[in-house]
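Residue numbers count from 1 along this sequence. All heavy atoms count here, side chains included; hydrogens, waters and symmetry mates do not.
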Amino acid sequence: MAIRAFIFDLDGVLTDTAEHHYRAWKQLADEEGIPFTRQDNEALRGVSRQESLNLLLKGRRISPQQAQEWMDRKNRYYLERIRQITPQELLPGAREILGELRAAGLKIAIASASRNAAQVVNRLELRPQIDVLVDGNSVERTKPAPDLFLLAARLLGEAPENCVVVEDAAAGIAAARAAGMRCIGLGPVEQVGAADLVLPGLEGVRLRELLERLS
Ligand code: BG6
Ligand code: MG
């Protein structure tokens with residue numbers, strides 16, 4: 001199966017917004033007296049805002065109104081943090097691999113569970129580098145459901161088996177597999193070990209090597 005398109009996750013793959021998500025949840029958790037550690041946060045990577053809140057609550061019960069207020073508050077903290085983002089915040093290697101993909105004529109999408117993805121992509125000035133952006137507003141079910149990646153493939157005009165997903169979250173790897181796509185996991189094996197290829201990050205990554213190792 002030929003590889004014709006790459007679909008990138010955004011948060012934690014192209015830029016370190018994963019840290020901003022963590023700090024925004026941490027601020028909320030501290031205000032509400034809920035213990036929440038960096039390790040707890042790993043399970044929130046890649047999952048929707050609502051599901052993140054459920055994980056943060058660890059079985060504590062709050063009313064639907066309170067849940068909405070907490071999610072809105074977390075999102076305000078997050079938006080305050082991402083206001084400062086500039087193209088400097090692209091993670092090492094991200095710009096280079098996007099450039100290589102473009103030069104090789106492969107298609108590129110960003111598929112993020114975040115409803116704030118468009119803002120981040122614009123601040124990173126990534127629009128001209130990609131063909132398609134789908135985000136948490138584009139589908140009902142986000143990762144680990146395959147919907148976001150399948151939509152990205154459809155908009156790119158490529159079959160799932162011709163797409164490669166790049167992800168930093170277990171939920172994202174599960175979504176890629178459910179979509180029938182090959183995937184590259186960035187980060188520790190405990191997190192992304194289910195991927196076809198595991199790398200520490202995009203720094204120093206060359207397209208030719210990726211294509212060889214995936215085929
Ligand atoms: C994902 C992040 O990209 O988007 C998650 O990895 C986040 O941490 C999810 O919860 C939803 O983001 P948002 O911006 O819609 O709250
Ligand atoms: Mg991510």
Side-chain touch Leu124/Glu89, heavy atoms, less than 4.5 angstrom: yes
What's the separation between atom CG in Leu57 and atom CZ in Phe36, rounded to the nearest 0.5 Å? 10.5 Å
Verify same cluster id: Val165, Leu151 (apolar side-chain graph, 4.5 Å): yes
Look at atom CZ of Arg95 and say whether more than 12 heavy atoms of other residues, nucleotides or ligands are closer to it than 6.0 Å. no
With sequence neighbours excluded, tell me which residues meet side chain to side chain contact (heavy atoms under 4.5 Å, CB included) with Glu161. Met1, Ala159
Distance-only, no hydrogens or angles: does the Glu158 side chain make a donor-acceptor pair with backbone N or O of Ala5 under 3.5 Å? no
Between Arg49 and Asp72, is there a side-chain N and carboxylate O pair less than 4.0 Å apart? no
Ala18 backbone acceptor or donor facing Asp11 side chain under 3.5 Å: no
Looking at CD of Gln39 and CG of Asn41, how far apart are the two atoms once the value is rounded to the nearest 0.5 Å? 10.5 Å
Is the shortest heavy-atom distance from the side chain of Arg177 to the side chain of Asp196 under 4.5 Å? yes
Is there a chain of hydrophobic side chains (I, L, V, M, F, W, Y, each step under 4.5 Å between heavy atoms) that links Leu90 to Ile110? yes
List in chain and number order the residues that pass side chain to side chain contact (heavy atoms under 4.5 Å, CB included) with Ala67, two or more places apart in sequence or in another chain; answer none if no residue qualifies. Leu53, Ile62
Kindly indicate, with the supporting measurements, whether the criterion side-chain contact (heavy atoms from CB on, under 4.5 Å) is fulfilled by Leu126 and Thr15. CA-CA 11 Å; Leu126 279 181; Thr15 186; over 6 Å; no
Mind jotting down which residue pairs meet the ring-ring contact (aromatic ring centres under 6.0 Å, His included) criterion with at least one end in residues 186-215? Sequence neighbours excluded, please. none
In short, Ala171 meets Arg45 closest at the heavy-atom pair CB-O, 4.2 Å
How close do Cys163 and Ala153 get, heavy atom to heavy atom, and via which atoms? SG-CB, 3.9 Å
Pairwise side-chain contact, Ile184 with Leu199, heavy-atom cut-off 4.5 Å (strictly under): yes
Do Val13 and Leu91 share a hydrophobic cluster (ILVMFWY, side-chain heavy atoms under 4.5 Å, transitive)? no
Is the shortest side-chain heavy-atom distance between Arg83 and Arg123 below 4.5 Å? yes
Smallest heavy-atom separation, Asp40 atom then Lys58 atom, equals OD2-NZ, 3.4 Å
Evaluate the side-chain contact (heavy atoms from CB on, under 4.5 Å) criterion for residues Thr17 and Ile82: first the C-alpha distance (whole Å), next the side-chain angles of each, then the deciding distance (0.1 Å), finally the verdict. CA-CA 8 Å; Thr17 34; Ile82 64 170; 4.1 Å; yes
Side-chain ion pair, Asp147 and Arg141, N-O less than 4.0 Å: yes
Just jot down the side chain to side chain contact (heavy atoms under 4.5 Å, CB included) partners of Ala109, sequence neighbours excluded, or say none. Ile7, Val132, Ala152, Leu156
Can you name the nearest heavy-atom pair linking Leu197 to Leu214, along with the distance? CB-CD2, 4.2 Å
Hey, mind stepping through Thr142 and Val47 against side-chain contact (heavy atoms from CB on, under 4.5 Å) and telling me if it holds? CA-CA 7 Å; Thr142 58; Val47 302; over 6 Å; no
Side chain to side chain, Lys143 and Glu167, heavy atoms closer than 4.5 Å: yes
Here the pair of heavy atoms bringing Asp135 nearest to Ala117 is CB-CB, 3.8 Å
Could you measure the distance from the OG atom of Ser48 to the CD atom of Glu140? Nearest 0.5 Å is fine. 11.5 Å
Which ring-ring contact (aromatic ring centres under 6.0 Å, His included) pairs, counting each pair once, include a residue from residues 55-111, with sequence neighbours left out? His21-Tyr78
Would you mind reporting whether Ile85 and Gln119 have side-chain heavy atoms less than 4.5 Å apart? no
So that I can tick it off, tell me whether Glu80 and Arg76 are bridged by a salt bridge, with the cut-off set at under 4.0 angstrom between side-chain N and carboxylate O. no
So does Glu32 pair up with Arg73, basic N to acidic O under 4.0 Å? yes
Donor-acceptor pair, side chain of Asn75 and main chain of Met71, under 3.5 angstrom: no
Treating Ile, Leu, Val, Met, Phe, Trp and Tyr as nodes and any side-chain heavy-atom pair under 4.5 angstrom as an edge, say whether Phe6 and Leu186 lie in one connected cluster. yes
In terms of hydrophobic clustering (I, L, V, M, F, W, Y; side-chain heavy atoms under 4.5 Å; direct or indirect links), are Val166 and Val192 co-clustered? no
So which heavy atom on Ile34 is nearest to which on Arg60, and how close? CG2-NH1, 3.8 Å
Calculate, to the nearest 0.5 Å, the distance between atoms CG and CD1 belonging to Asp131 and Ile108 respectively. 6.0 Å
Is there a side-chain contact (heavy atoms from CB on, under 4.5 Å) between Leu101 and Phe8 once you walk through the steps? CA-CA 12 Å; Leu101 286 164; Phe8 289 86; 3.6 Å; yes
Can you measure from CD1 (Ile130) to CG (Leu14) and round to the nearest 0.5 angstrom? 9.0 Å
Taking it one step at a time, do Asn54 and Glu51 satisfy side chain to side chain donor-acceptor pair (under 3.5 Å)? CA-CA 5 Å; Asn54 295 344; Glu51 184 54 21; 3.3 Å; yes
For the CZ atom of Arg206 and the CG atom of Leu211, what is their distance to the nearest 0.5 Å? 12.0 Å
Test item: Ser63 side-chain N/O and Gln66 main-chain N/O as donor-acceptor pair under 3.5 Å: yes
Sequence neighbours left out, what passes side chain to side chain contact (heavy atoms under 4.5 Å, CB included) with Glu19? Give chain and number order. Asp16, Tyr22, Arg23, Arg38
